[in-house]
Every structure is written in C-alpha cells, then in structure tokens.
Amino acid sequence: MTTQTTETRDLEFAVGQLTRVEGEGRLHLRVDAGGGVEAQLQIFEAPRYFEQLVVGRTPDEVLDIVARICGICPVAYQMSGVHAFESLAGVQVDPGVRILRRLLYCGEWIESHALHIFLLHAPDFLGYASALEMAADHRELVERGLRLKKLGNRLVAIVGGRPVHPVSVRVGGFYHVPTAAEFAEIREQLRGVLDEAIQTVALVAGLETPAADRDTRLVSLKHPDQYPMSDGRIVSSDGIDLAPSDWRDAFHEVQVPWSNALQARAADGVPYLLGPTARVVLAAGQLHPVARAALDATGLSLDELRRNVFRSIVSRAVELVHAVAEAIDILDAYVRPERPFAPWQPRAGVAAWATEAPRGLLFHRYELDDEGLIRAAQIVPPTSQNQAAIERDLEVFAPAVVDLPHEVATHRLEQLIRSYDPCISCATHFLDVSIERDR
Amino acid sequence: MIGESGVATRLKGTWFGEALSPHASDRLSAIGELRRVDAGAVLLREGAECDRFGILLDGLLSLRVAVAGRGRATLMTVEPGETFGWSAVVPPYRSTSTVVALQPSEVIVFDAEKLRALLREDEALAVTVYPRLLQVVSRRLVATRTQLLDLYARDREYEPW
Amino acid sequence: MTATTVAAPRVGVVKMASCDGCQLTLLDLEDELLAIGERFELVEFPEATSRRSEGPYDVLLVEGSISTPEQAEQIEELRQRSKLLVTIGACATAGGIQAMRNWGNEPEWRAMVYPEPEHIESLAQARPIADYVKVDAELRGCPIDPGQLLELLTALRLGRRPQLPDEAVCLECKRLGQVCVLVAGGAPCMGPLTVTGCGALCPGFARGCYACFGPREQANVASLAGWFAADRSGPDVDRLFAGFTGWSEPFREHAARAVTHFGTGNAETSVQDERTTDEEPGA
Amino acid sequence: MVIAAGNVFLPRARLDALFDLLHEGGRTIIGPTVRDGMLVLDRLERVEDLPIGWRDEQAPGRYRLVRGATERAFDVVNGQMSWKQFTFPPKQKVGMMRRDEAGSVAFAAVPPDPPRLAFLGVRACELAALGIQDRVLAGGTFVDEDYRARRESALVVAVQCGRAGDACFCASMGTGPEVRGGHDLVMSELDAGFVVSAGSPAGERLLARLPGRVASPAEEAEASASVAAVRAAQGDPVVIEGLRDRLMDQLDSPRWEEVADRCLACANCTMVCPTCFCTSTAITSDLDGRVNVAERHWDSCFTAGFAKVAGGNFRPERSDRYRQWLTHKFATWVDQFGTYGCVGCARCITWCPVGIDVREELAAIAPPAAPPEQLLTRPAAATPGRFEVVTLRASQRETADTTSLFLQPTEPALLAGLPGQFVMVEQPGFPSLPISVSRYGTDELVLTVRAAGPATAALIAEAPGAQIGLRGPLGRAWPVDRALGRNVLIVTGGIGLAPLRPVLDAIVASRDRFGEVLLAYGARTPSDRLFTDELERWAQHGIEVAQIVDRAEPGWEGRVGVVTQLLDRRDFGRRPTVAFVCGPERMMQATVTTLRDRGVAPERLFVSMERHMQCGIGLCGHCQMGPYFVCRDGPVFSVGELGELFGKEGL
C-alpha cells in the first residue's frame with residue numbers, strides 16, 4: 001500500500017494491522033523528499049477505560065480488574081498493584097510469600113518470553129508467517145517453545161490458579177499457598193528444560209540478525225541482590241535513580257494525535273527503552289550465574305544488545321534462562337508459608353509502585369479515600385513508554401529499507417516493532433485517529 | 001330423497017343426535033334432509049353464505065381454505081359422525097372454509113334459515129343444540145392448537161454440530 | 001461418518017475490545033496446538049500469524065466486546081463471512097469488564113482519561129457480540145477454559161455437540177471434594193449462580209467465586225443476594241455482581257447499583273491534569 | 001444398642017495399635033482430618049491426623065470448626081463430603097471406545113480396580129447410607145461392578161456418635177444414632193479410651209489382635225448412655241408416619257413455588273447427600289475421534305441438562321426440580337427401593353448455601369408400592385461402557401430426516417428382544433442413544449432413527465460396513481400377549497410408529513389370534529409418514545389403517561387434522577380393547593383422554609414414555625419419573641400404573 005502524494009512528493013508507507021503482537025496497532029510512515037522519516041505507531045485498540053473502571057473499588061477488587069488489562073502479563077498488573085497497596089498500608093508481607101511472588105513472576109516471564117521468542121518473533125528471523133508454518137520445517141524448535149511456555153503457564157497456574165488472569169493474589173499475600181507436594185512434578189520438569197533454555201540463547205544469538213545501530217537510554221528496576229522483578233529502584237543508563245513509587249518524578253504521559261495510546265516520556269523528552277534488554281544490561285550483575293554464562297557464551301557484548309534492537313530476542317532468551325534457573329532455586333528451598341496472607345487495614349493516601357512486566361517497567365498509582373476505596377488511578381504500561389522509542393527506532397531504521405520491495409520492507413519494519421514485544425491491548429487508554437485525519 | 005323417518009333414525013345414530021330428547025329429535029328431523037353426494041361435490045364455499053348445517057354419516061369431507069400462492073389447502077378432514085357448517089348458526093353466517101367431499105358421502109343437511117328460525121322459537125331445543133355446537137367449535141379449536149404445536153416436527157432448529 | 005473425511009475447517013480468530021487472553025488460550029493448548037494446526041486451517045489469527053484472510057470462514061472465534069462504531073460494522077461483515085460464529089470469553093459473551101461503563105458515564109470517563117476526548121470514538125456502551133449478530137455458540141469465562149476450547153474444537157471436528165454443561169460451579173466444586181467457602185468459610189461465593197467451566201477454581205484457592213463465567217440458567221439472584229445481605233451492606237452485595245459478567249441480564253440490576261455507587265472518581269485530582277497533549281512528534 | 005460381651009477397651013494412648021492393624025497389607029486409612037482449617041475425609045497416616053479436640057457447629061447454611069472442650073478424636077460429627085466419594089467416586093472412567101483408520105470400532109469397559117481402604121469413623125447414618133447405595137447400585141438385576149468391588153474391598157470401622165450434630169435427624173429416619181450393622185468394627189469414644197466391638201468375621205479377627213482388655217460393665221454402660229443421650233438430644237424432628245402419601249398428595253402444593261423462591265438449584269444438597277446416586281457420562285475424544293473415554297460423574301436432578309431431551313426439559317423450573325428431589329428422597333425412593341433415600345445426616349441442611357431446611361419442608365410416610373414387572377429378556381452387554389459391536393449392513397431413507405439402519409449382530413441376545421424394547425447405541429465420541437428396535441429379523445435388527453441432534457445425525461450418516469456398539473435389548477416391552485383375542489388399537493404419531501412396528505409384525509404373523517385391529521397414524525405431513533409401503537401391506541392383512549396429517553401437501557386426498565379425530569367418534573366400550581400408544585407426550589395425553597372417554601380401561605391402555613436416558617439400566621438416575629426409572633421399569637407403562645404421574649408437568 002505504497003502511495004505517492006503528488007503535492008509534497010512525500011512517500012506514505014503504511015503497514016496494515018500489525019500481526020503477531022498482542023492487541024491492535026498499525027504503522028504509518030511518512031518519508032519526505034529529503035529522505036527524512038516520520039514514524040507513527042497507531043494503536044486502534046478500542047478504549048477500555050481501566051483507570052475509571054477501578055474507581056470506587058477495593059484494592060483486592062482492583063487486583064482482579066487490572067489483570068484483565070493484558071491476557072499475556074496479568075501477573076505483572078497484579079504485582080504492580082499489590083505492591084502499591086501494600087506500601088501504602090504498610091503491610092509486612094511474609095518472606096515466604098515474597099518468594100512465592102517471585103516464583104509467580106518467573107512463571108509469567110517464562111510463559112511470555114517463550115511465547116514471544118518461539119511463536120511470535122522467531123518466524124521473522126527464519127522467514128515464516130507463523131510458528132505453525134514454521135513447524136513444518138522446524139518442528140523441534142516450535143515444540144521446544146511450547147514445552148517451555150507450558151511450564152511457565154503451569155507454574156503460574158500452581159501458584160495463581162490459572163495462566164490467564166490468575167486468582168490467588170491478594171493484598172498481603174495469596175488466598176491460598178501451594179504445598180511443596182504440588183510443586184514436586186514441575187520442579188523436575190523445570191530441571192529437565194533448563195538445558196533447552198540455555199541452548200535457546202545460543203540459538204537465537206546465531207540467527208541471521210539485521211544490522212542496526214543506535215544509542216538508546218535504558219530504564220529498569222535495579223536491586224542490589226536480586227534480578228529486577230518487583231523490588232528495587234527505578235534507574236536509567238544515564239543516571240535516573242528513583243524509588244519505585246516515584247516514577248512521576250522523572251516521567252509523564254502525553255497525548256499524541258496520530259496514536260490512540262497515551263505515550264510516556266521522560267521529563268527531558270528523550271525516548272527510553274524498557275524490557276529485557278534494559279534489564280539485562282542494567283542488572284547484568286544480578287543475573288543468575290547460569291543465565292550470565294549463557295549470555296557470555298554467545299560472545300555478544302552488553303553494548304551490542306543495547307545498540308541493536310533486533311538483539312532483544314537474545315536478551316529475552318537470557319531472561320528465560322534466568323527465570324527457569326531462579327524458579328528451580330526457589331522450588332529447591334521451598335517451604336510452604338505459615339500463613340497465606342498478612343492482615344492489613346485500608347488507609348487513605350497515594351499507593352504507587354512499579355514492577356517489571358515481561359516487556360518492561362509497569363507503573364501503577366492509586367489514590368485511596370478514607371474507606372480505602374479507589375478515588376483515582378493511573379496505569380502506565382510498558383508499551384506506552386516504549387512507543388516513543390519504537391517510533392524513534394523506526395525513523396532511524398526505515399531509510400535503509402523503505403526503498404526495498406514493499407513486502408520486504410514491511411517485514412523488516414514489523415520485525416523491528418516485534419523486537420519490543422509490544423503489548424497493545426495493555427495500553428489502558430486509547431485515541432482513535434483515522435488515516436484521513438492523519439494525512 | 002329418503003323419507004323423514006329415515007332422517008330421525010340416522011340422526012340418532014350420530015354423536016350429535018344420540019342423546020337428543022324425542023322432542024328435539026323430531027323437530028330437527030323435520031327440517032333435515034338425507035343426501036348422497038359424489039366425491040368432489042362442494043357442500044359449502046368459504047366466504048359465501050353458510051346456508052346449511054350438516055352431519056356426515058358416511059364418507060369423508062375436507063375443510064379447505066384458499067391461500068394465495070398455495071392453492072387450496074386442506075386444514076382438516078371430517079370423519080363420519082362429525083358435523084360441518086356451524087357458521088350456519090353463528091353470525092355473520094358465512095362459511096369459514098370450503099367443504100368438499102373426498103369420497104362418495106352421505107350427509108344430513110339442515111337449511112340454515114329454517115334451523116335458525118327453529119332455534120329462535122323453541123328455547124328447549126336451543127338449550128339442547130347450542131352446547132353441541134359449542135362442542136364442535138371447541139374440538140376444532142383444540143385440534144387446531146395441537147396442529148399448531150407441530151408435535152411431530154424436528155425438535156430444534158438446525159445446530160451446526 | 002468418520003472424522004477423517006472432514007476437510008480442514010477454515011478458522012478465523014479475531015478480537016474486538018479485550019485483553020487477548022481468550023485467544024491466547026488457544027496458544028496455551030501447548031500439547032495440542034500443532035495437531036490443531038494440522039487439522040484446522042487457521043486462516044486469520046493476527047495475534048499468531050502474519051498470513052491474513054478476509055474469509056469466508058467455516059468457524060470464526062470472536063473475542064472481545066463491541067465498543068466502537070467501527071467494531072459494530074466490522075462484526076456485521078464478519079458474520080456474513082462466517083458459517084459459524086463462536087464468541088469466546090466474558091467480553092464477547094457478556095460485555096466483559098468494559099461493560100461496567102454502560103450506565104451512561106462513558107462521556108465523563110472519556111473526558112477524564114483523555115486530555116482531548118473529542119478524538120475518541122467510542123460507543124456509549126460496550127456490549128456482547130450477540131447484541132449485534134447471531135451467535136452460534138459461546139464459550140464463557142474470563143478467560144475461557146482451555147479444556148472447553150479443546151472440547152469445542154473436537155466437537156466441531158467430530159460433528160458432535162460440545163459438552164458444555166449449564167450447571168452451577170458448586171457441582172464441580174463438590175466433585176473435587178473442596179469444602180464450601182461460603183458455608184464453612186463465610187466467603188461471598190457466587191458459585192451457586194455461576195455456570196461451571198473453570199473447574200471451581202476460586203473455591204479451590206480458598207476464595208469465593210467471582211462469577212467470571214457468568215450466570216447459569218435458573219440463577220436465583222434474589223435468593224443468594226438476600227442471604228448475603230444478612231451480614232453485609234447493600235452496596236457490598238451489589239459490588240459482588242459488578243464484575244466481569246455484571247452486564248449479564250440476571251446480574252445487571254445489582255451491578256448497576258454498584259457502579260452508580262462507585263461514582264465517577266478522578267474528579268478532584270484528575271490524572272488528566274498530569275497529562276498533556278503533544279501535537280508534535282518527538283517533542 | 002446393646003454391646004455384646006467380649007468388647008475390648010482400647011486405651012486412648014493405644015489408638016496407634018488400631019492404625020497399625022488397619023495399615024496392614026498396604027491398606028490406606030481414610031478418615032476425618034483438618035486441612036487448611038476445613039474438615040475433610042482423607043488419608044490418615046497417624047493418630048494425630050484425626051481432628052483431635054475439634055468439634056463442629058452446624059446450622060442451616062453454616063458450618064464452622066471450633067475447638068472443643070475435650071481432647072476427643074471423634075467429636076466432629078460429620079463434614080461436608082460423605083464416604084460416597086470413596087465407594088462411588090465423583091468421577092470415574094467407565095469405558096474406552098476406539099475407532100481405527102479402517103473404521104472398525106472397539107469398546108472396553110474399565111474393569112474395577114478398587115484401592116484397599118479402611119474407613120475410620122463411619123457414623124450410623126453413614127452406614128445406613130452405604131446400605132442404601134448397596135441396594136440401589138448393587139442390589140438389583142443390574143449391578144455397578146465398580147461400586148461393588150470398592151465396597152467389598154473396604155474395611156469399615158464405625159464410631160458411635162458421642163455428640164448430636166446440630167441439625168441431625170437420624171433418629172427420625174430410623175438410621176441411628178446407634179450403629180446397628182454394616183460395620184467390621186465399631187468404637188464408642190470415652191474420655192479414657194474406646195470400647196470396641198466387632199460386627200463381622202473380619203472385625204472379630206482384628207478385635208482379637210487389638211491390645212487392651214475386656215471392657216468393664218461401667219465402660220459399656222457409659223458407652224450406651226452416651227449414644228442414648230444423642231438420641232434424646234435429637235428428638236424427633238421429622239414425623240415419618242404417612243410421609244410418603246402425604247408428600248405424593250401434595251404434588252400441586254403452592255409450597256413448591258415458595259421453596260423455589262429460595263432454592264438456588266445449585267445441587268449442593270445432592271452432591272453432599274450420601275445416598276444420591278445420579279450420574280452423567282461425558283466423553284472426551286482426541287481431535288480425530290479415534291480414542292474416546294467415557295467418564296461418569298456425579299450429576300443432579302437440579303441441573304438443566306439432567307431431564308433434558310431433544311424437545312426440551314421435563315423439569316424446567318426450580319420448583320419442578322425441588323419437588324423431584326424431595327419426593328424422590330422421601331416418597332418414590334420407598335417405592336423403588338423399599339427405604340427412604342434419606343438417612344438424616346443433615347448435610348443438605350447445613351451445606352445449602354441459603355439454608356433451606358428439609359425438616360421444615362417435610363411430611364410423613366407410607367408402605368412401599370410393589371415395583372413394576374421386570375423385563376423378560378436377558379440383554380447383551382448390560383454393563384455401562386461395554387458394548388457389542390454390530391455391523392451396519394444397509395441403511396434405508398424413510399423420510400427426509402429419518403433412516404432405518406439394518407444391523408447384523410453376532411450376539412443372539414440382541415435378536416431375542418421384544419416389541420417396544422430399545423437398545424443403547426454407542427458411536428465412539430458421541431453420547432449413548434436409546435433407540436427403539438423397529439424390527440427383529442432372523443439375523444438382523446432394524447433401528448429407525450430420526451435426526452434430532454448431532455449424535456443421531458451422525459448415526460444415520462453411517463455407511464454400510466460401519467460398526468457401532470449396542471447394549472440391549474432393554475426396558476419393558478409392549479404386552480402383546482395381553483391383546484390376544486381382543487381388539488387392538490395402535491395409536492401413534494411420527495417416529496412413534498417405529499417402536500410399534502414389531503407389534504404389527506407380531507399381529508400379522510398370527511392375525512387370527514387378535515380381534516379387530518386399528519392402526520391410527522398421525523404425521524406432520526404426508527411425506528413425513530414412515531413405512532408407507534408397509535401401511536398398505538398391513539391393510540391387506542385385515543388391519544384398518546387410518547392415517548391423518550397435520551398439514552396436507554399437494555396431491556394429498558387423505559385425512560387432515562390430529563390423530564384423536566380418528567378416535568373421537570368411535571366406541572371402544574363394546575369389546576375389550578387393548579391400546580398401544582406411542583408419540584410425543586402431548587399427543588399421548590390427548591389420545592389417552594379420548595380413549596378413556598371412549599371406554600378403554602386404563603389397565604389396558606399402554607403408553608411408551610420418553611425421558612432422558614443415559615445408562616439404560618436404571619443406575620444413572622436421569623430418567624426417573626416418580627417411582628419409576630423409565631429405562632428399566634418402562635418405557636412401556638399402562639396408564640393405570642402411571643396414575644397421576646401421566647401428564648403431570650415438570651416430573
């Protein structure tokens with residue numbers, strides 16, 4: 001759908017509905033006569049009003065509601081929410097429960113990363129329209145992805161009840177905590193796939209990867225002892241350092257007319273990158289040794305991961321190893337917590353926290369009234385934060401491909417967008433901009 | 001034509017006539033006529049004046065209505081012992097269906113005007129006859145409802161599995 | 001009729017307003033996914049494949065509720081191109097969580113979330129698919145149950161009716177030997193009103209069912225709500241119904257009261273104040 | 001209860017010895033234990049697993065475990081689930097059905113493989129409940145083999161109640177509180193220990209090896225007094241005198257509607273009931289339908305699907321379902337099994353989410369009615385999950401939606417059926433279908449099937465050579481012998497002619513042994529009539545064939561209207577007439593009304609009832625209608641037998 005507009009001689013380049021991403025989005029590029037590219041990632045997911053839907057609700061209700069923002073990473077939404085509420089109420093969560101939450105997060109990372117690596121992104125590198133088509137030639141690869149993904153889902157199901165929209169998370173802990181016996185089988189299964197996860201790192205590092213080079217600012221949580229999931233401080237590659245509740249001190253949201261999603265920006269307007277690459281680079285020291293070794297074995301430097309956006313699949317695979325290895329460690333030492341949840345009292349005030357969804361930092365902020373009910377909410381998903389970086393990268397990368405045959409160019413641009421593992425329906429607020437208006 | 005005594009005897013042999021008092025039986029028989037009709041004979045026409053009330057003694061009658069595009073549809077058939085032409089005594093005295101003999105049939109017919117006059121002047125007779133007429137109409141109504149239920153039809157609309 | 005003679009049905013998987021979790025459930029059938037791919041032609045499934053098809057479809061699985069005028073048009077067209085349309089999940093079958101905006105507060109909400117609400121095109125109500133087009137079958141749940149999805153696909157392939165029982169969650173809960181969280185724990189459990197399919201998940205996790213599969217036939221809302229009201233306030237009873245299937249007819253009355261009670265929020269310290277508009281890219 | 005001399009006193013500290021004895025031979029002990037704050041019946045490893053020091057507080061719709069004043073092990077009277085979960089598991093595989101690439105099919109029942117269990121802490125009411133299930137599931141012509149095997153392999157250690165549960169009424173139901181039998185051992189708990197006695201040879205052997213001494217008279221007296229106190233505490237909340245009749249007389253009580261306003265139809269009462277036995281079978285298939293597993297699970301008369309047939313639901317309303325449940329428990333169960341279906345354990349009261357109290361909904365009892373005649377033929381493959389494989393020789397289209405299947409069985413029992421009996425038809429991957437036999441040939445069986453749903457559609461689409469599974473013939477037949485020497489009236493509509501064709505075959509075969517025979521046949525349209533060529537043949541054999549259609553079609557010069565029109569003006573009172581009626585229930589009702597008006601005695605007026613059938617042998621409960629299981633006791637009934645049940649809505 002390449003069209004020439006005669007007056008300006010600009011080249012308009014449109015990619016229809018993005019596929020193999022979660023949610024509904026479109027890409028629109030405008031190339032001017034001088035070769036400059038303006039990129040617009042348009043999100044046309046229908047408005048879902050989550051920030052309003054939680055108003056008047058109790059914190060525990062909110063945890064069930066915000067899970068519904070995203071079917072792939074519901075745990076992340078529950079985790080940002082639950083930590084926000086607990087920090088406001090001053091709940092002392094039992095150590096065993098905290099560990100179980102990390103285990104839950106490991107499950108979601110395994111599930112989400114395996115899905116993205118094997119089912120959504122690998123077909124780009126190997127030249128297939130889908131994993132199902134890829135399976136005709138690379139059945140073992142797809143089966144491996146499904147095996148890993150299944151274990152991630154299973155882990156979330158044992159801790160949370162089910163893989164999509166788990167039911168066990170509540171303020172103070174869980175409704176129910178599993179016995180060690182319930183983990184016996186998956187513990188062995190995870191041991192059984194650790195090698196496969198490690199091999200995946202080498203495999204994706206060896207994929208034919210487009211060249212791309214640009215500098216980018218990275219943002220993630222960072223914790224001195226743990227690989228970032230729910231705890232730590234918000235840091236950037238250029239010196240930002242904030243408590244997880246203080247995201248708004250350095251970032252804000254803006255509305256852009258060509259996209260239906262609110263975008264988040266740093267105070268200085270410089271786009272920033274969230275997600276596996278940001279975490280691997282910023283928290284390399286906290287990676288599980290097994291994961292670090294797998295990364296080192298590829299010979300890829302942290303800087304290579306940071307500068308080439310197409311290498312995100314490697315970061316994701318490294319985190320896959322980390323999540324499997326950490327889950328095994330947790331299960332080896334698992335003792336069922338004495339009590340599933342700590343009691344707490346609602347309190348008025350602001351509850352805010354950020355945790356690391358599979359695709360990056362996820363910030364929640366709630367204002368609670370005297371009864372402990374939600375009065376206002378702000379939910380900033382990773383994709384809305386990454387959107388500016390995606391558009392920036394498209395503008396950098398597009399000039400090299402727009403003159404290629406349209407299908408090839410489309411494929412390359414989609415591959416780039418998929419490198420961010422965008423999670424579009426998790427954008428909680430959207431605008432609708434028509435193509436006409438955009439012209 | 002068969003004699004009047006024949007009418008009284010045959011009338012007694014029907015559901016309509018079996019329990020009539022001698023008085024009622026005599027008065028009705030006096031205006032009744034026995035007729036034989038061939039298959040295809042039209043006894044009443046839908047929409048036209050219903051000029052007779054009748055009782056089928058033998059054979060089979062069809063009650064038909066005309067439906068645009070579908071020709072004449074048989075709504076119901078009449079068995080021996082049953083009646084036809086109840087519109088003869090119910091205003092506006094027009095037939096609600098066309099009555100056709102499907103087989104060579106034997107009927108008793110009562111002239112509509114004579115029957116109405118008789119029922120007007122003879123209350124005792126009217127008290128005996130009207131409940132029987134109501135029964136005829138009620139049976140037709142119940143049967144029609146049952147037909148509407150479409151009992152033998154497929155039980156549910158097509159499901160894809 | 002043997003199953004092997006059936007040609008691979010052309011299947012589409014599309015979404016309206018939703019979280020993608022129900023279509024993800026198809027990908028979560030890890031053990032069967034490749035076999036499904038061999039037996040069904042997944043001709044349209046943007047979440048999983050770049051290959052696209054505008055139909056016709058033998059079976060179209062639709063996730064999500066109708067929330068925009070564009071979707072309302074789209075679903076009519078999709079219906080015409082589909083032999084069989086199956087709605088999957090609470091959004092598609094009951095309006096889902098989006099439908100909690102259906103009591104006339106949508107314009108206000110729009111204004112509160114977006115600095116320039118006039119750019120938003122959105123219907124006043126988010127509604128289930130069946131409000132717009134004929135639906136041949138539905139899978140309930142938020143999200144749907146993978147086992148029920150597999151049963152649907154198996155039934156489609158074998159030409160039998162899918163076994164999707166319309167009974168209370170309680171039956172499965174008791175078959176699993178789970179002790180009743182309502183009777184023995186005092187938890188407000190919606191299980192007696194809710195159709196089964198989840199495997200009585202929440203009671204198994206020591207919490208009350210929150211009705212994500214929606215009302216079952218003969219759901220006696222008045223009776224259970226009355227029982228709950230014995231030890232909690234009216235608004236607290238109402239909020240039990242204002243969940244992911246609150247727009248379902250049997251729950252709607254209570255849900256409406258709850259949502260009205262919630263008010264419009266964000267009024268005093270609007271998040272929107274923090275948000276700016278940005279007409280220029282890369283500002 | 002009088003405890004026999006030679007009872008043993010087991011000190012509390014030596015309860016472990018009983019555990020050791022019960023564990024012998026790899027037996028697993030099942031008993032009450034507290035898990036996550038809830039009382040369950042589960043595996044017990046050691047004495048400390050018992051709910052020592054706990055007791056229960058029960059009220060309608062409410063159950064709480066609380067710490068008791070004593071350190072007794074058996075003060076929790078009962079919990080939510082009964083022992084039924086171990087003798088009659090909530091989910092149980094019953095059969096495997098395979099179809100290979102060539103289309104040949106194989107059926108295999110799952111053989112019983114009972115775990116070796118010892119039940120510890122079984123109460124009198126529970127023993128009574130096990131006894132009732134023994135009668136229902138293992139005491140009739142057909143037996144649930146898995147149940148029987150589980151019962152036979154389990155040791156039962158009963159315990160005398162030392163506390164009355166807050167809602168218990170076993171004393172009223174005559175099932176307790178004293179343990180009267182059905183146990184291997186029974187224990188009475190005293191503060192210092194247990195008075196133990198034996199109730200079976202196996203129990204005697206265990207008792208002989210228990211450490212301890214002979215119980216003293218004082219200990220025995222304390223044990224007896226304890227259970228007597230429980231009886232006194234209960235009182236007699238349910239008056240049983242005349243209950244059955246009173247309940248059946250109240251089928252039209254306005255109370256059913258009032259209860260239905262509260263009843264959730266959630267089925268909890270039936271799930272927790274220790275005697276409820278109704279089940280459904282679900283089939284899971286692989287994507288190709290090659291391997292299919294039939295799994296039976298507990299079902300309930302409170303679910304929508306339970307009484308559903310292709311045309312609708314016989315018990316659509318909550319009031320219908322509550323009435324079904326209550327009248328079954330306290331009235332028609334007596335007719336069927338000679339006992340109540342209730343043992344007074346109070347679970348349905350406590351575990352009703354809205355606290356409906358059965359004691360409040362009740363009235364009293366009556367003597368059991370005689371069960372109806374049993375079937376006369378011995379069927380093939382009676383056990384669910386087991387089927388005889390038959391081959392389809394040919395099929396013949398009868399009407400647009402109805403097809404006759406000509407099947408060749410190798411099992412002679414399948415050919416030895418009687419007119420009106422049916423077979424259960426199994427196609428791998430589909431639910432079982434009850435289909436009447438429309439003809440018994442010398443070496444073939446004819447089934448005439450109307451496509452009413454997917455399973456029937458699939459069945460009639462089978463090609464010659466296809467294999468299907470059959471069980472049967474089942475059910476009660478048309479009593480053709482009762483019609484010998486009499487006038488015979490066969491009234492039928494639609495597909496209803498199929499189960500009556502064997503009757504016509506029998507009449508034609510010995511035409512001179514019957515009086516006048518009238519076949520009154522109604523159909524929707526002329527082209528919906530079955531067996532049109534045979535209708536003429538029957539007429540040639542001196543059978544008056546009167547046909548009538550709801551809707552005429554072009555060219556139809558026959559009768560139009562309803563089938564009762566053919567009967568309205570006839571008199572059947574002059575000679576004894578036997579009538580066989582089969583068709584939609586409304587049609588049968590209208591016909592029965594007409595025929596009774598025309599002088600046909602209800603004892604000679606037979607109808608074939610349709611209900612949701614799954615097992616076909618009276619074990620799954622779906623087809624219950626008053627005192628009958630339609631599959632086992634019917635489908636053919638005389639109108640006299642059915643009495644008020646016939647035409648009653650919502651049964």
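These numbers were taken from a predicted model, which means no experiment stands behind them. Quick note on labels: first sequence line is chain A, next is B, and so on, each numbered from 1.
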> Select one option (side chain, backbone, both, neither) describing which atoms of D/Ala59 are under 4.5 Å from chain C's heavy atoms.
neither
> Side chain, backbone, both or neither: which part of D/Ala466 has a non-hydrogen atom closer than 4.5 Å to chain C?
neither
> Any Lys/Arg nitrogen of C/Glu172 or D/Lys91 sitting under 4.0 Å from an Asp/Glu carboxylate oxygen of the other?
yes
> Please classify the contact between C/Gln163 and chain D as side chain, backbone, both or neither, with a heavy-atom cut-off of under 4.5 Å.
side chain
> May I ask you to check whether over 12 heavy atoms, not counting those of D/Arg64, lie within 6.0 Å of atom CZ?
yes
> Should the pair C/Glu167-D/Arg321 be classified as a salt bridge under the 4.0 Å nitrogen-to-oxygen rule?
no
> With only heavy atoms counted, which part of C/Ala184 is less than 4.5 Å from chain D, the side chain, the backbone, both or neither?
both
> Measure D/Leu41 against the heavy atoms of chain C and call it side chain, backbone, both or neither at under 4.5 Å.
neither
> So for D/Glu317, is it side chain, backbone, both, or neither that comes closer than 4.5 Å to the heavy atoms of chain C?
both
> Side chain of D/Asp261, backbone of C/Ser223: donor and acceptor closer than 3.5 Å?
no
> For chain C, find which of D/Thr284, D/Asn268, D/Thr303 contributes the most heavy-atom pairs closer than 4.5 angstrom.
D/Asn268
> Without hydrogens or angle criteria, can the side chains of D/Ser285 and C/Arg160 be said to hold a donor-acceptor pair below 3.5 Å?
yes
> With a 4.5 Å limit on heavy-atom distance, are the side chains of C/Cys170 and D/Met271 in contact?
no
> Quick check: do C/Lys174 and D/Gln80 have side-chain heavy atoms less than 4.5 Å from each other?
yes
> Which heavy-atom pair separates C/Arg161 from D/Pro454 by the least distance, and what is that distance?
NH2-CD, 2.9 Å
> Do C/Leu224 and D/Leu264 have side chains that get closer than 4.5 Å, going by heavy atoms?
yes
> Under the 3.5 angstrom rule, does the side chain of C/Gln218 hit a backbone N or O of D/Cys266 as a donor-acceptor pair?
no
> Looking at C/Cys189, C/Cys180, C/Ala168, which makes the most heavy-atom pairs under 4.5 Å with chain D?
C/Cys180
> With a 4.5 angstrom heavy-atom cut-off, which part of D/Pro89 approaches chain C: side chain, backbone, both or neither?
neither
> Taking the side chain as every heavy atom from C-beta outward, state whether C/Val179 and D/Arg35 have any pair of such atoms under 4.5 Å apart.
no
> Does atom CD of D/Glu295 have more than 12 heavy-atom neighbours from other groups under 6.0 Å away?
yes
> Check whether any side-chain N or O of C/Arg157 sits under 3.5 Å from a backbone N or O of D/Leu287 as a donor-acceptor pair, and report yes or no.
yes
> Can you tell me which of C/Gln178, C/Arg39, C/Glu32 forms the most heavy-atom pairs within a distance under 4.5 Å of chain D?
C/Arg39
> How about D/Glu258: does its CD atom have over 12 heavy atoms from other parts shown lying under 6.0 Å from it?
yes
> Going by heavy atoms in the side chains, are D/Asp299 and C/Leu171 under 4.5 Å from each other?
yes
> Identify which of C/Leu193, C/Val221, C/Asp166, C/Val183 forms the greatest number of heavy-atom pairs closer than 4.5 Å to chain D.
C/Val183
> Please classify the contact of C/Ala219 with chain D as side chain, backbone, both or neither, using a heavy-atom distance under 4.5 Å.
backbone
> Given a strict heavy-atom distance threshold of 4.5 Å, which part of D/Asp286 is in contact with chain C: side chain, backbone, both, or neither?
backbone
> If I measure from the heavy atoms of chain C, does D/Val40 come under 4.5 Å with its side chain, its backbone, both, or neither?
side chain
